[in-house]
Amino acid sequence: INELNVNNRHPPLWILIYGLIIMAFGIFLLIIGSGIRVFLIFIVMGLSLIGLWLYLDIRKEEKYRKKEKYILILHKHVYV
């Protein structure tokens, strides 16, 4: 097992941060009066990035659990 990847169970945070920043920028544009269409475009872009981050996080967690389960099965098999 690669020890460097054991603690790396979450996707990169820059995806989440960009999503939040884009949403905040959309709210800022709404406040200064740029229009509802521009606001909605930025909100959808930000939510898409946040959704991508959540999807990657769930998928990576499932892969980690499968790998952990497989390692436990092998470990049990070796010592039985």
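The structure displayed is predicted, hence computed values, not measured ones.
Side-chain contact between L49 and L16: absent, with no pair of heavy atoms (C-beta onward) separated by less than 4.5 Å. By the 4.5 Å heavy-atom criterion applied to side chains, L47 and I22 are not counted as neighbours.
When all heavy atoms are compared, the tightest approach of L29 to V38 is CD1-CG1, 3.6 Å. Between G35 and L30, the shortest heavy-atom contact is O-CD1, 4.2 Å. M23 and I43 make their closest contact through O-CD1, 3.8 Å (heavy atoms, listed as atom of the first residue, atom of the second, distance).
Taking CG from L56 and CG from L52, the interatomic distance works out to 4.5 Å, rounded to the nearest 0.5 Å.
By the criterion of side-chain heavy atoms lying less than 4.5 angstrom apart, applied directly or through intervening Ile, Leu, Val, Met, Phe, Trp or Tyr residues, I58 is not grouped with I15; the two fall into different hydrophobic clusters. In the hydrophobic clustering of this structure, V44 does not group with I17; members are Ile, Leu, Val, Met, Phe, Trp, Tyr whose side-chain heavy atoms approach within less than 4.5 Å, directly or through other members.
A ring-ring contact (aromatic ring centres under 6.0 Å, His included) check over residues 16-35, counting only residues at least two apart or in different chains, returns the pairs W14-Y18, F25-F42.
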